[in-house]
Enquirer: 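Let me begin by handing over the structure; questions about it come next.
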Amino acid sequence: MTNEQIFTLTTSSLVIALSLAAIVFSFGVVWRTERELDISYKLFLGAIIAFTAGQFLEMFSFEGRDVIMFLAPAAKLIFAALFLAGTLTARDMLRKMDGEKEERKENTFE
Amino acid sequence: MKRKKKTSKKNQKKKPAKKSRLGFLRGMAKVLGGLTAILMLVYFSAGLFLDKGFIKRDLGEKYGRVLGVTTLTLKMIGPPNKPVLTATSMCQNYTAYVHLSWNADDQVDYYDIDRDGAPLVSGVVTNYYDDQTVAELSSYTYTVTAFNSLGQNTSDPVSVDVLDCGEPPPPPVLTATPVCVGEAPFINLSWTSDPQMNYFDLDRDGFLLAGNLTDTEYADGAVTELTSYTYAVTAFTSQGQVTSNTVTATALDCTEEPPPPPPPPPEDATCVITRFQNINLSGYSGTPSTKERKPKFYGTTNIANAIIEVVVTGETSVVATTSANQNGYWTWKPQNKLNYGTHRIWVTAIDPEDSSRRKTTSLKFKIKREEEEEEKEEEVETPSTGTTVPSVPTTPVPPGVPETPPPFPPAEIPSLEISVQVLNPDNVAYPGSDLSVETKIDVPDDAAGQESELQYWIVDSDDNEVLRDSNKIFIDGDLTIRKDLMLPGLLKPGRYKILVDVMYSGTRFIAEDSFILKEIPLVSLGAGITLTTGQIMRNLFWVILWLLLLLIIFFTLLAIEHWICRRAIMQITEENLRDKGFISRKKIT
């Protein structure tokens, strides 16, 4: 086994192990929080599940297996979309916490 | 004032919360929709910019195939059908085995085989299996069970009596003697024989040097002075094969005077047709004939990995290209039947590193009809024996009458060049996937356009056809044609050749390239490390152990996390987090 192969095997194993750990601890945050923080972490959880699924699908992705070759990039797209959605939800919540949105509304009413 | 503001905010929050969530979801939908639209636009624009046939190929074939596979998957609504098993006892190399085969079924994931009621092997993914663990003159009963995700089905039991395959003959004893014939070095090889032995293959340095030999001696003239070679001979019998001892010999320096200071020019190229079908041409006189309309030619050259150009003239001429192996050994057979009658074959061996170094030889041969067999029997002579130096049977002539071969290249051959190249990375393909080939046809600018048919053949290492395809083309100038050939799903792994054939002005032009068919791996671990289904099934215990370990760790961690959360006071609300300064930034004033 070459050094390159050992390095790739190690990093692939670590990616899967860390992704599974991220799923567990994201569940922990989802179970503890509520409202928008809960929604944002649910989206992050969906993103990391999609990412892990994409990693597993890539392992089975070979020429001739068209469905899997189609699903692996689709899982990555879902990961990116859910991660973006989670970030936007958290950002929205923080802006509300900082009173940016409410302040604007008040100004409009005035 | 501050308290009031806070209270009023709290009171206001309950109603607009739903509104803001709906608004947020709408906003998200808009963002995702816009993002998808942009991605699709980029995808199709780039596709059309790079390839005008993109829409048809990408949507029509790629996603069409995805839908096709989905449809097939949906059709699988029950357990597999009952396999129809056949068992045959066979001999290979004096060892008995039982060949099991059953009907192929797309809905089956794998098969388990039982022998005499006990499991023999499991996880077989092909529709055949050779049981090598049998005792001669014994009787066994086999069943095969097909499995898929929805159930299983077992074949009817089939019994078979194992053959007695006899004892192998003693292996040939090989001797090698370096000699000089004039100034040319040769290594004379001779070996012992046995009445059971039908023919011999001679290997040099691990590669075939001469095949299908019926003599027990051979003179290797394709040697370089003072170079060592290792030989071995394999004897073939009706039941199998036995291999001799290996011998090493060093070619003699046959020059009387030392070479002049500048290096000598490369040795003259040689090219010899040694065998035509089953006729050994060494010392053969007359026109060899056969009733096989796709006869096989064998030969040697002293150019390693030479490009072999073949021209066959007759009613329909053939122009083809193949290659020799490292020892200069080559074979060629036409894929289309040759016409009855007399033909002439020209074979040119070309040095791939110096195209000016080449040698052409020719042979007149005859394809005879069935009824001609009796009257021309004398033309198919038994191979001569005792030849130590293979003669160059160029231009065989009738006895006593010298015949001048016609000039090469023959005038009736039109000018056309054809080449084919496998486009798959590293020339590797997988069963059930596409083999992409690119064919280039070059014709002179002033050539008249004509319609033709481009034929594709895929043949295995024994020249057996495994796939054929064709499409119509119009040759009116230089052409580059790409074709994707869907390889059958049950092809055995190994080396295959793709042959491309086009008929132009009454002459058939053939080009070839080779590729390696590999078993589709089930899992890729990265950096080229792959695991096939067979490898996984052989290490099923360790695979299941590791997966179970991973799942146990994962679900244990998840359960611990859930237990901790159940015991938590659940005070992590957004307001508490803000109050404690965890999520709120400094308020913008």
Side-chain angles (χ1 to χ4, degrees), chain A residues 1-9 11-13 16-17 20-21 23-39 43 56 58-67 69-71 77 80-81 84-85 88-90 92-103 105-106, chain B residues 9 12-13 16-17 20-21 24 27-28 31-32 35-36 39 62-63 65-66 68-70 73 424 429-434 487 489 520-530 550 553-555 557-558 560-562 564-566 568 570-575 577-578 583-588:
Chain A
M1 201 178 273
T2 62
N3 287 344
E4 187 200 351
Q5 287 177 327
I6 292 167
F7 177 76
T8 311
L9 261 183
T11 48
S12 302
S13 311
I16 287 175
L20 291 175
I23 289 173
V24 170
F25 298 123
S26 300
F27 263 116
V29 177
V30 167
W31 288 329
R32 282 163 181 264
T33 54
E34 59 182 28
R35 295 179 57 173
E36 285 194 51
L37 189 62
D38 181 43
I39 291 170
L43 290 166
F56 276 109
E58 264 187 5
M59 289 169 66
F60 295 89
S61 177
F62 287 100
E63 197 180 336
R65 292 193 193 133
D66 294 326
V67 178
M69 286 184 80
F70 177 73
L71 287 178
L77 177 70
L84 175 68
L88 287 176
T89 313
D92 193 59
M93 181 190 77
L94 289 174
R95 288 186 70 198
K96 278 182 190 165
M97 295 283 117
D98 285 342
E100 287 173 38
K101 286 199 167 180
E102 282 75 7
E103 272 175 16
K105 275 180 189 172
E106 282 170 12
Chain B
K9 259 189 192 175
Q12 281 172 7
K13 256 182 191 172
S20 70
R21 189 173 291 176
F24 165 73
M28 280 303 303
V31 169
L32 285 177
L35 204 65
T36 311
L39 280 173
K62 194 159 122 195
Y63 297 113
R65 199 181 292 162
V66 170
V69 171
T70 312
T73 311
N424 292 39
Y430 298 98
S433 67
D434 281 341
L487 296 171
I520 298 180
L522 185 68
V523 180
S524 167
L525 303 176
I529 306 168
T530 55
L550 194 70
I553 292 171
F554 177 75
F555 283 111
L557 279 174
L558 202 64
I560 291 169
E561 190 69 18
H562 192 249
I564 292 170
C565 293
R566 287 287 296 266
M570 290 292 184
Q571 57 180 350
I572 306 171
T573 61
E574 286 158 24
E575 280 185 30
L577 286 173
R578 188 196 59 184
I583 57 171
S584 178
R585 291 179 301 167
K586 201 176 178 184
K587 200 168 181 178
I588 301 162

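A, B, ... follow the sequence lines: proteins, then strands. Residue 1 opens every chain.
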Enquirer: Under the rule for side-chain contact (heavy atoms from CB on, under 4.5 Å), what residues qualify as partners of A/Ser13, not counting sequence neighbours?
Expert: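 A/Ser13 satisfies side-chain contact (heavy atoms from CB on, under 4.5 Å) with no residue once adjacent residues are dropped.
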
Enquirer: In Å, rounded to the nearest 0.5 Å, how long is the span from CD1 of A/Ile16 to CG of B/Leu550?
Expert: 8.0 Å

Enquirer: Taking all non-hydrogen atoms of both residues, which atom of A/Phe60 and which atom of B/Leu522 are closest, and how far apart?
Expert: CD2-O, 3.2 Å

Enquirer: Which bit of B/Ile564 comes within less than 4.5 Å of chain A, counting heavy atoms only: side chain, backbone, both or neither?
Expert: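 The answer is both parts of B/Ile564.
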
Enquirer: Rounded to the nearest 0.5 Å, how far does CG of A/Leu20 lie from CZ of B/Phe555?
Expert: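 Those atoms lie 9.5 Å apart.
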
Enquirer: Is the closest side-chain heavy-atom distance between B/His562 and A/Phe27 below 4.5 Å?
Expert: no

Enquirer: Out of curiosity, A/Glu4 CD to B/Ile529 CD1, how far, rounded to the nearest 0.5 Å?
Expert: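 Rounded to the nearest 0.5 Å, the CD-CD1 separation comes to 9.0 Å.
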
Enquirer: Using 0.5 Å steps for rounding, measure from the CZ atom of A/Arg32 to the SG atom of B/Cys565.
Expert: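 These two atoms lie 4.5 Å from each other.
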
Enquirer: Could you pull out the closest heavy-atom pair between B/Leu558 and A/Trp31, with the gap in Å?
Expert: O-CZ3, 4.0 Å

